[in-house]
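Written out below as structure tokens is the structure these notes cover.
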Amino acid sequence: MGGCRRVGVAVDFSPCSRKALQWAVDNLVRKGDHLILVSVRPIGYYETGELQLWETTGSPLIPLSDFSNHDNMKKYQVSPDPETLDIVSTASNQKDIIVLMKIFWGDAREKLCESIDGIPLDCLVIGNRGLGKSKGLSWAVLATSW
């Protein structure tokens, strides 16, 4: 089988996105992969120059060690919850993977689609926030190059 894959998971730190993340860790991610959490924030007024720069392209890829630190994440205006951090920290240690985060600003649907080619991702796992017909299915996988 091939080398390192980039598995993306859309996260908004809701229970549904945590379920999608846990599913991706349990069923998709394997040793050597990159697990990339993709978060989309609404467009707003940002005083800092970095956020104005990143509004178009998204943030740089943020390593787990940085996005686990609450003070580091203040400049992105994102606060990962403890449960999400626990899932990715455990996966990083147990599966020997690299965990990163990418933050976009704007329309979530548009930015998630852009993330597939922009990062680039081999697949993107997205939770449905309980809006699907089946309550048992709380995520979807968009495979791009498998």
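Not measured: the values here are computed from a predicted model.
Rounding to the nearest 0.5 angstrom, the gap separating the CD1 atom in I36 from the SG atom in C123 is 10.0 Å. Atoms CG and CG, on D66 and L61 in that order, are 11.5 Å from each other to the nearest 0.5 Å. To the nearest 0.5 Å, atom CD of residue Q22 and atom CG of residue N27 are 9.5 Å apart. Atom CD1 of I97 is separated from atom SG of C4 by 10.5 Å, given to the nearest 0.5 angstrom. Rounded to the nearest 0.5 Å, atoms CD1 (I126) and OG (S17) are 11.5 Å apart. Residue F104 holds its CZ atom at 7.0 Å from CD of E114, rounded to the nearest 0.5 Å.
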> Can you list the steps and then say if S115 with L121 is a side chain to side chain contact (heavy atoms under 4.5 Å, CB included)?
Replying inline: CA-CA 7 Å; S115 74; L121 298 173; 3.8 Å; yes
>> Working note: T84 + D81, criterion side-chain hydrogen bond (donor to acceptor under 3.5 Å, both in side chains); need CA distance, chi angles, decisive distance, verdict.
In response: CA-CA 6 Å; T84 298; D81 62 280; 2.7 Å; yes
>> Run V38 and V9 through side chain to side chain contact (heavy atoms under 4.5 Å, CB included) and show every step you take.
In response: CA-CA 6 Å; V38 181; V9 180; over 6 Å; no
>> The test is side chain to side chain contact (heavy atoms under 4.5 Å, CB included); show your working for L35 and I98 and say whether it passes.
In response: CA-CA 6 Å; L35 176 62; I98 295 172; over 6 Å; no
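Counting only heavy atoms from C-beta outward, the side chains of K31 and K95 never approach each other to under 4.5 Å. Residues V99 and F67 have side chains in contact (heavy-atom distance under 4.5 Å, counting atoms from C-beta outward). Between V40 and L112, the closest side-chain pair of non-hydrogen atoms falls below 4.5 Å. Residues I119 and L100 are not in side-chain contact: their nearest non-hydrogen atoms beyond the backbone lie 4.5 Å or more apart. Within the 4.5 Å cutoff, side-chain heavy atoms of L37 are placed close to those of L21.
Across S79, P80, S68, a single residue satisfies side-chain contact (heavy atoms from CB on, under 4.5 Å) together with M73, and that is P80.
Of all the heavy atoms in R18 and F13, the pair that sits closest is NH1-O, 2.8 Å. The two residues Y76 and W105 come nearest to each other via the heavy atoms O-CZ2, 3.7 Å.
With respect to D33 and R5, a salt bridge is recorded, a charged nitrogen being found less than 4.0 Å from a carboxylate O.
A donor-acceptor distance shorter than 3.5 angstrom exists from the side chain of K102 to the backbone of S59, with no hydrogens or angles considered. For N93 (side chain) and S89 (main-chain N/O), a donor-acceptor pair under 3.5 Å exists by modelled atom type. R41 places a side-chain N or O within 3.5 Å of a backbone atom of Q77 that can act as its donor or acceptor partner.
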